[in-house]
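One structure below.
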Amino acid sequence: MTTTTLITVAPTGAESSKADVPALPVTLDELVATAKECRAVGASVIHVHLRDAEARPTLDLGLLREAVAALRAETDLIVQLSTGGAVTDPETDRLRVLEAGPDMASCTMGTVNFGDDVFMNRWEFVVELHARMQDRGIVPEYEIFDLGHLTALQKLLDRYGPPAGGHVHVDLVMGVPGGMPGTTEALVACKQALRDLPPDTTFSATGVGRATLPVLLAALSAGGHLRVGMEDTLTYAKGRPVESNAQLVARAAGFARLAQRPPVTPDEARAMLGVKGS
Ligand code: KMH
Ligand code: ZN
């Protein structure tokens, strides 16, 4: 029985524009303010994509280092950098993200259609990411956009060994056009496939767009953890745009408490995920 809930906030993403979504945090000050608000209402991990001075997605190493330092100085959240970036980012830039020294980084387990685009994750690239994270002691969150990505993860762990920290944590990203649907049935199929991974493997789930609530409720009932945020969700309810990331975290924390699985603190999350102390 899972008795607590890990809540990750993904506040920005690489897909929405500030012009379309004025509440999106795009400057470092906005990111840090969002991080503090989300920590206060139940988040323990922050999944970070950065924007440049024009609010365009960037993997600039200097900006990433600055963001890691600022988030560590101002919060006790686990800092997880995205190595997924935007669909246009080259592999070299995505690998270089690790040089910013985050606690965790995402590692997507395969290529997936992504709306009209393709989110490329070649096998050799995934292996390289996994190996560099092992070398640097960065704990991966394996991003799963489709059921077969879990088979790829099993192969990765069998061939190249356990991740840094020794614990396997996956995030099911559900409802991306081109990936698996955001349904209870798909989540249960993934949960069944998790049986082929190490027995203490944990999972969180993210429902994109209108899959947000079905996936959140299915994850809680299936013993999963939660990722929420404006990377994935821009509508709070029909006709109501999301006002802030904290609004989404507070809603997730409320559901978690109702399920008698209250949110964990960042230190409890570190112990769960095998992340070294702050
Ligand atoms: N922005 C997507 C193309 C990740 O952060 O690792 C990829 C993504 C996954 O968001
Ligand atoms: Zn992301």
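Just so we're clear, the structure is a prediction, and the values are computed from it rather than from any experiment. Indexing begins at 1, ligand by ligand and atom by atom, following the structure's order.
Side-chain atoms of S106 come within 3.5 Å of backbone atoms of T83 as a donor-acceptor pair (strictly under, hydrogens ignored).
Between the side chains of H169 and T202, at least one donor-acceptor pair of N or O atoms lies under 3.5 Å. Judged by distance alone, the side chains of Y142 and H149 never bring a donor and an acceptor atom under 3.5 Å apart.
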Exercise for the section: Go through L197 and L157 one step at a time and tell me if the side-chain contact (heavy atoms from CB on, under 4.5 Å) criterion holds. Expected result: CA-CA 9 Å; L197 293 171; L157 300 174; 3.9 Å; yes
Exercise for the section: List the steps and the verdict of side-chain contact (heavy atoms from CB on, under 4.5 Å) for H225 and M272. Expected result: CA-CA 11 Å; H225 300 278; M272 182 190 294; 3.8 Å; yes
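In summary, E143 places no N/O/S atom under 2.8 Å from the Zn ion (ligand 2), failing the contact criterion.
Residue E231 approaches the Zn ion (ligand 2) most closely through its N/O/S atom OE2.
Near G84, the atoms of ligand 1 lying under 4.0 angstrom from a non-hydrogen atom of the residue are 4 (C), 6 (O). Each of the atoms 1 (N), 2 (C), 3 (C) of ligand 1 lies under 4.0 Å from some heavy atom of E15. Close approach of ligand 1 to E231 (heavy-atom distance below 4.0 Å) involves ligand atoms 10 (O). Heavy-atom contacts of H49 reach the following atoms of ligand 1: 1 (N), 5 (O), 10 (O) (cutoff under 4.0 Å). Distances below 4.0 Å separate heavy atoms of S106 from the following atoms of ligand 1: 4 (C), 5 (O), 6 (O).
With values rounded to the nearest 0.5 angstrom, M133 atom CE is found 4.5 Å from C107 atom SG.
S82 OG, 3.3 Å is the protein heavy atom nearest to atom 4 (C) of ligand 1.
Note on ligand 1: G85 sits in its first shell, one or more heavy atoms being nearer than 4.0 Å.
In this structure, Y160 and H130 have perpendicular ring planes: the angle between them is above 60°, well past the 30° mark.
The angle subtended at the Zn ion (ligand 2) by NE2 of H49 and NE2 of H47 is 100°, given to the nearest 10°.
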